[in-house]
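To keep things clear, I will list the structure first and then write my remarks on it.
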There are 2 protein chains.
Amino acid sequence: MRSKKRTTIYDIAEKLNLNPSSVSRALNNSSSVNDATKKLILKTAKELNYTRNTLASNLRKGHSKTIGVVVPRINQNFFSNVIAGIEDATYKQGYNLVICQSNELYEKEVQCVNTLINQHVDCVVISISVETTDHKHLQNILDHGIQLIQFDRVADELETLKVTNDNEQSSFEAVCHMIKQGYKRVALLEGPQKLNIFRQRKNGYLRALEENGLPVIQELMIENAWTKELSANATRQLLSLPQPPDAIFASTSDFSALGVLEVATAMTVKVPEELGICGYSNEDFTEITSPSITTIDQFSFYMGKTVANLYFQEMENTDTMVVPKIISIKPKLITRSSTQKS
Amino acid sequence: MRSKKRTTIYDIAEKLNLNPSSVSRALNNSSSVNDATKKLILKTAKELNYTRNTLASNLRKGHSKTIGVVVPRINQNFFSNVIAGIEDATYKQGYNLVICQSNELYEKEVQCVNTLINQHVDCVVISISVETTDHKHLQNILDHGIQLIQFDRVADELETLKVTNDNEQSSFEAVCHMIKQGYKRVALLEGPQKLNIFRQRKNGYLRALEENGLPVIQELMIENAWTKELSANATRQLLSLPQPPDAIFASTSDFSALGVLEVATAMTVKVPEELGICGYSNEDFTEITSPSITTIDQFSFYMGKTVANLYFQEMENTDTMVVPKIISIKPKLITRSSTQKS
DNA sequence: CATTAAAAAGCAATCGATTGTTTTAATTTA
DNA sequence: TAAATTAAAACAATCGATTGCTTTTTAATG
């Protein structure tokens with residue numbers, strides 16, 4: 001099994017009494033090979049079951065036609081959709097994807113990045129882990145002359161190509177929507193503020209309160225409620241307040257929103273009449289809970305495509321300097337029953 | 001950006017007035033390099049920001065330390081979990097993953113496979129598309145001396161390493177469970193019978209009927225109901241029958257089960273009292289529908305790990321022949337409200 | 001028919017790391 | 001101190017494809 005030798009251009013050359021270079025050119029459809037011999041070479045290649053050794057080819061050519069992707073978790077809806085989007089776009093260009101997951105661990109993220117650098121990928125696409133505050137490893141990518149595109153969770157300090165969601169604006173709109181529905185005490189479940197996306201969402205929330213002339217109430221803002229369980233706990237705490245909120249913006253995820261909904265139901269607090277709920281991400285299940293959950297769609301698949309296309313675009317300006325560029329995608333508020341107070 | 005030249009072992013050698021071979025050996029911690037020089041080389045390598053060119057290394061070594069994965073869709077819970085499992089296991093061994101998606105298209109699947117062969121991956125892990133009936137491309141993998149592992153949706157005819165779910169048994173148990181709950185007319189929503197997994201599930205269904213002395217009723221078995229929409233249609237059709245079923249086994253997926261549930265609710269058919277529902281896959285949402293949906297857990301993450309470990313195991317028997325081997329994982333029935341008739 | 005231009009094929013270096021073999025240097029033994 | 005042994009480093013070929021340059025062959029032109 002493992003010792004089977006593969007056909008190379010030398011084998012083809014030898015069989016046809018030609019020079020390997022001609023074989024190579026023929027296989028690359030160069031015009032400096034006679035059509036007849038070209039046909040002959042192609043035929044023989046097929047006969048001998050030849051396939052190009054991409055390793056050798058890329059080594060010679062100086063690139064790998066490979067894009068490395070690092071995400072916290074592959075099996076998370078948002079990320080797997082982004083990856084699917086990237087794959088969709090890169091595949092057409094003959095590029096391959098090498099996927100790594102950091103598992104939200106800084107150490108593993110650094111390892112992943114190093115592996116990708118070793119692999120000589122042409123580009124690294126990354127969404128950083130929650131633990132990541134230091135960016136030496138990202139700088140290292142750049143130092144190796146490798147293109148770097150950050151998406152979603154990006155390191156603001158590092159000037160690179162970025163594709164982000166406009167978290168601030170979408171959160172603003174979500175909270176405005178809730179206020180317009182008549183909710184007056186809107187609570188916020190925050191994610192780790194280390195991550196810029198969660199800071200932005202908080203800012204959107206604050207701006208919405210402000211623009212609607214509502215006070216900012218500290219006890220209605222719960223830090224680090226970014227899992228279903230943490231959100232459930234937070235909800236219990238919030239609903240037991242002397243002055244409980246009449247709405248909760250689970251800015252971290254739909255899973256958090258789900259946690260809220262479950263606790264509310266358990267405590268016989270009526271949603272949406274007594275409590276409005278808004279999540280984030282538009283997971284499939286938000287449509288089918290009862291009541292269905294208002295949320296924000298991030299266009300994850302499209303985001304992936306955007307990332308890929310950004311790379312190909314930048315590829316083309318060979319000689320010009322790389323200018324840090326940020327593409328911001330505007331997420332869409334999906335209003336559902338969980339916020340239909342009226 | 002793109003013209004930045006990377007440090008090679010030659011650069012290090014030149015700087016230290018040594019031979020590249022010594023540098024290489026030092027970096028590989030060979031014993032035939034003096035400890036002092038080894039340290040010096042390592043230090044210089046770090047200074048010059050050296051990283052090994054895996055392309056060159058692999059070319060020389062004759063392998064790529066890369067595993068190619070082909071799945072119908074990356075962003076499908078089951079598959080992304082399997083991939084996460086594979087990644088988890090392979091990462092530790094210093095292997096990389098190249099991921100492709102066939103989008104359920106035969107043509108694209110063939111293309112993916114060819115790319116992976118070109119890439120000289122060490123192993124291809126595949127779950128075939130719904131369109132795939134022909135297996136030349138898989139044979140081709142073998143012919144190139146590349147290890148091949150099929151999982152979940154496998155081509156029975158091709159003798160390779162396989163990791164599968166025991167679909168027959170789990171379906172049998174699911175239907176038995178429903179019958180035990182008192183359901184007497186259990187309908188079946190089938191997937192495309194081209195795929196062996198769907199054939200097996202049907203067999204399990206049939207065996208359950210037989211062993212419980214229930215008749216097989218043709219009009220209760222609906223072909224090709226493998227999306228939410230198709231299942232919804234099928235359900236409408238089933239529930240309008242003069243003698244409608246009192247339970248539906250949506251053997252294709254939980255999404256199908258969801259379709260069933262929605263139609264039942266719309267038609268004011270009470271679940272589980274008047275209609276039992278069982279899905280397949282244990283998607284997250286099955287827990288939170290009302291009622292929650294009985295389903296079957298496939299241990300997808302574990303399945304991925306199993307695939308990876310199978311490869312590493314087989315790696316070790318260098319000289320022995322590869323014996324076709326099948327690892328069958330027993331899925332687990334998760335009983336929930338949607339089948340609690342009593 | 002000789003000369004020139006163009007087409008086709010061959011030659012050889014290159015990408016960067018690895019590794020079997022040889023040479024040199026250092027150390028040990030007689 | 002010379003010979004033998006061992007350690008360390010140098011040399012050179014190799015993996016397979018690509019590509020600039022040279023040579024050979026063929027076709028075209030005057």
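Every chain is numbered from 1 and lettered A, B, ... according to where its sequence line falls, protein lines coming before strand lines. Because the structure is predicted, anything quoted here is derived from the model rather than measured.
Remark: B:Lys108 is positioned above the aromatic ring of A:Tyr91, its terminal NZ or CZ atom under 6.0 angstrom from the ring centre and at most 45 degrees off the axis.
Counting heavy atoms from C-beta on, the side chains of A:Thr8 and A:Asn53 never come closer than 4.5 Å. With contacts defined as side-chain heavy-atom distances shorter than 4.5 Å, the pair A:Ile117/B:Arg6 qualifies. At a threshold of 4.5 Å between non-hydrogen side-chain atoms, the residues B:Tyr311 and B:Leu161 do not count as touching.
Protein chain A touches strand DNA chain C; the 5'-most and 3'-most nucleotides with an atom under 4.0 angstrom of its non-hydrogen atoms are C:dA8 to C:dG16.
The aromatic rings of B:Phe151 and B:Phe78 sit tilted relative to each other, their planes meeting at an angle between 30° and 60°.
The side chain to side chain donor-acceptor pair (under 3.5 Å) test with B:Thr160 singles out one residue from B:His135, B:Gln139, B:Gln150, and that residue is B:Gln150.
Mapped onto DNA chain C by nearest heavy atom, B:Lys61 and A:Thr37 fall at different nucleotides, with A:Thr37 at the one closer to the 5' end.
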Legend entry - Criterion side chain to side chain donor-acceptor pair (under 3.5 Å) on A:Asn19 and A:Ser21, from CA distance to verdict: CA-CA 5 Å; A:Asn19 192 281; A:Ser21 63; 2.8 Å; yes

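Contacts between residues 14-30 of chain A and DNA chain C, defined by a heavy-atom separation under 4.0 Å, are made by A:Asn17, A:Leu18, A:Asn19, A:Ser21, A:Ser22, A:Arg25.
In this structure, B:Leu59 places its CG atom 13 Å from C1' of D:dT18, rounding to the nearest Å.
Atom CD of A:Glu47 sits in a crowded spot, with more than 12 heavy atoms from other residues, nucleotides or ligands closer than 6.0 Å.
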